[in-house]
Amino acid sequence: MPIQQLSPDVAAQIAAGEVVERPASVVKELVENALDAGAGRIEVSVREGGVAEIRVTDDGCGIPAGEIDLAFRRHATSKLTTAADLESVATLGFRGEALPSIAAVSRVTLTTRTPNADAGMRVDYRYGERTAATELGCPVGTTVQAVELFGNLPARRRFLRSTAAETARVQEVVTRYALACPSVRFSFIADGRGVVNTTGSNRLSETILAIYGGEVAARMLPVYTVDADVTVDGYASAPELSRHNRSFMTLLVNGRWVYDRRILYAVEQAYQGVLPERRYPIAVVNLALPAELVDVNSHPTKREVRFRQESRLFSIVQRTVRDALLAHAPARTARRGPAVVDAPESPQDGWGRSASVSVPSGGQSGGAQQGVDAALPSAFPSQAAPLRQTLASLRVVGQIHQTYIVAEGDGGMFLVDQHAAHERVVYDRIMEQWAGRQHTSQPLLAPCTVELTFAQQDTLREYVELLAASGFDVAPFGDNAWLLRAVPPVLASNGVEPVQALTELLDAVAVEQVVMEREKALAATLACHGSVRAGMTLTTGEMTALLKQLEVTGEPHHCPHGRPTVVHFSEYQLEREFGRR
Ligand code: ADP
Ligand code: MG
């Protein structure tokens with residue numbers, strides 16, 4: 001075939017293919033348009049997953065009658081004029097492709113009125129062709145209805161999934177934008193059933209409550225930091241709350257919902273050692289940064305962005321979320337009947353979708369309780385004191401099963417796993433020793449020989465320095481035998497069998513692939529052997545001292561293996577159990 005220019009409608013369909021992949025992409029574009037139009041309320045409804053009908057109604061600025069036709073032309077936009085504007089674009093849209101693309105693959109009816117127009121306009125498009133335009137009375141704002149999506153492209157239609165799956169994707173889009181824009185009231189109706197309803201109160205906390213429910217909302221921690229020209233804010237779940245996939249992590253960049261693997265991974269990384277393998281947090285994190293640090297025009301649907309200073313952003317996000325966990329996370333709540341907390345009315349804590357971001361004031365709540373089971377925690381976010389603060393105020397009551405310390409403190413009863421708590425203390429001490437290169441060592445009264453496997457010997461040679469720094473003195477002693485002459489003081493004082501400790505350490509380190517992780521594994525295993533065991537009677541003095549030591553550790557919430565150290569039974573729970581409430 002000779003080269004020829006494609007006809008405009010073929011070109012339009014190719015372009016539409018990039019923008020409109022499925023019903024959710026139509027909804028994304030229409031919601032973005034509504035937000036760009038300054039809407040305070042956006043209603044999305046779909047039938048049959050959006051294939052039969054998608055309708056998005058907003059109360060935004062509307063489109064002037066004379067500009068409607070232009071809005072349906074490719075590369076026609078009111079949001080940019082020069083290429084230079086692209087550098088600092090603050091609107092969600094700017095490519096001028098959505099309306100023509102949607103109109104190319106469905107039957108579209110757009111009804112719109114601007115505030116100063118006496119009447120509204122309605123235009124109809126049928127697979128790219130305008131079929132009608134009429135004046136009519138309608139409220140200020142815009143409604144776009146798209147029916148029979150891909151009715152002209154049966155091949156595309158076959159790629160769609162089930163109604164339930166497509167509905168879920170649409171719901172995800174609405175949910176993410178609702179989280180991005182707490183000042184906008186969103187509703188989502190699927191096949192006549194209301195699924196999402198946010199308040200538009202401009203409090204992110206209330207949006208989270210409306211979307212994820214009270215159980216989640218009560219366990220979200222405020223995240224906030226300013227690092228020169230970059231601000232990170234939002235909420236991230238307390239360690240006790242997690243999900244089995246990543247779809248509850250929402251990343252916003254200057255109020256725009258984006259997907260960025262690396263930054264999302266930074267959020268995940270903040271939970272390292274806090275959440276078990278393959279568990280993911282719930283988080284809404286907004287990154288507010290100067291327009292020159294981000295290129296929003298790197299993807300046809302603007303789903304992905306490109307960052308300058310990506311590594312810096314990565315570490316800011318990771319550190320901010322991590323700090324939030326350590327600073328704000330209260331003790332884990334015992335499973336049944338979560339803590340109830342009273343919360344004062346808070347100032348505005350949401351962010352708008354503009355580049356300017358308001359700051360969530362820490363530890364506050366909205367009194368929003370609509371639709372929340374009264375038995376659920378009644379406020380958001382958790383008002384329980386951060387664990388470190390709780391530990392400082394604890395009074396030891398006793399010990400049970402020679403395993404758990406019973407203590408009372410502000411807000412109820414606390415059970416402390418003595419082994420887990422001590423492990424954390426010892427682990428921190430070991431890490432400090434390594435960092436400070438203070439070698440302390442306890443010579444064995446009688447040096448002993450150890451038979452090691454080849455694998456164990458490899459590990460030993462690789463970690464000889466770290467082992468020495470820990471206090472091991474171990475030297476070759478012919479064939480596969482080694483002579484153990486000294487052990488770390490933590491092991492000595494705990495009466496641990498030295499040979500067994502060494503071999504277990506070598507095995508534990510060997511399973512970790514990453515060097516950094518191996519170091520931590522070594523410290524964790526060492527800490528485990530060097531800690532008070534379950535089954536050991538402790539005096540009140542010893543227990544009190546242990547709680548004090550735990551208080552000043554880096555991460556008092558959990559032991560180095562990720563098990564919780566402290567579990568909280570709130571006063572409310574106790575009262576409920578005894579029928580006082
Ligand atoms: P873009 O959003 O990239 O500008 P679109 O094709 O999505 O391109 O929309 C084209 C133009 O139509 C927009 O620039 C805007 O001026 C107008 N428009 C679209 N949707 C709305 C809406 N819901 N309210 C007001 N104006 C709208
Ligand atoms: Mg648009």
Side-chain angles (χ1 to χ4, degrees), residues 8 11-13 15-21 23-45 54-83 85-106 108-117 120-125 128 130 133 138-146 173-174 176-177 180-181 184-187 255-258 295-303 305 353-354:
Q13 297 228 331
E18 284 197 326
V19 179
V20 182
E21 199 191 337
S25 18
V26 173
V27 171
K28 175 174 186 291
E29 295 296 335
L30 296 178
V31 166
E32 289 187 354
N33 280 348
L35 290 168
D36 282 342
R41 177 159 172 51
I42 298 174
E43 187 184 291
V44 178
S45 74
I54 295 167
R55 183 199 297 261
V56 176
T57 299
D58 69 60
D59 61 356
C61 64
I63 307 176
E67 295 178 17
I68 298 176
D69 279 349
L70 257 181
F72 280 93
R73 256 184 253 162
R74 289 192 60 208
H75 310 307
T77 178
S78 59
K79 300 167 193 177
L80 283 184
T81 38
T82 67
D85 294 344
L86 205 48
E87 300 274 300
S88 59
V89 63
T91 49
L92 297 169
F94 50 82
R95 299 167 61 105
E97 287 183 323
L99 287 183
S101 297
I102 297 165
V105 296
S106 66
V108 168
T109 299
L110 179 140
T111 315
T112 188
R113 180 160 81 86
T114 61
N116 19 10
M121 278 294 285
R122 173 193 155 137
V123 293
D124 295 308
Y125 276 79
R130 199 184 80 179
C138 68
V140 171
T142 305
T143 295
V144 178
Q145 182 201 35
V173 168
V174 177
R176 307 281 193 159
Y177 276 106
C181 309
V184 177
R185 218 170 113 202
F186 278 86
S187 51
R256 176 191 299 275
W257 169 43
V258 299
D295 178 5
V296 293
N297 189 27
S298 64
H299 192 265
T301 67
K302 301 163 271 134
R303 177 149 164 66
V305 296
R353 66 201 168 76
S354 61

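When a ligand or atom number is given, it counts from 1 through the structure's own listing order. Values below: every heavy atom of this structure, side chains too, minus hydrogens, waters and symmetry copies.
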Say whether [X] and ligand 1 are in contact under the criterion: heavy-atom distance to a ligand atom below 4.0 Å.
X: Arg95; value: yes
X: Gly62; value: yes
X: Pro100; value: yes
X: Ala76; value: yes

So, for [X] and [Y], which heavy atoms are closest and what is the spacing to 0.1 Å?
X: Ala146; Y: Val108; answer: CB-CG2, 4.2 Å
X: Lys79; Y: Gly93; answer: CD-O, 3.3 Å
X: Ala180; Y: Gly255; answer: CB-O, 3.6 Å
X: Val173; Y: Ala24; answer: CG2-O, 3.9 Å

Protein contact of [atom] - nearest heavy atom, named by residue and atom, plus distance:
atom: atom 4 (O) of ligand 1; value: Thr77 OG1, 2.5 Å
atom: atom 22 (C) of ligand 1; value: Thr142 OG1, 3.7 Å
atom: atom 14 (O) of ligand 1; value: Ser78 N, 2.9 Å
atom: atom 23 (N) of ligand 1; value: Asp58 OD2, 2.9 Å
atom: atom 11 (C) of ligand 1; value: Ala71 CB, 4.1 Å
atom: atom 3 (O) of ligand 1; value: Gly96 N, 2.7 Å

Original post:
Between Tyr177 and Phe186, is the gap from one ring center to the other below 6.0 Å?
Top reply: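 Ring-ring flag for Tyr177/Phe186: false, centres at least 6.0 Å apart.
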**OP:** Kindly indicate whether the side chain of Val296, heavy atoms from C-beta on, has any atom under 4.5 Å from the side chain of Val89.
**Re:**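 They are in contact (side-chain heavy atoms under 4.5 Å apart), so the answer is yes.
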**OP:** Confirm or rule out an N/O/S atom of Thr77, from backbone or side chain, lying less than 2.8 Å from the Mg ion (ligand 2).
**Re:**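 Coordinating: no.
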Original post:
Counting heavy atoms only, which of Leu35, Ile63, Val31 comes nearest to atom 27 (C) of ligand 1?
Top reply: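 Looking at heavy atoms only, the winner is Ile63.
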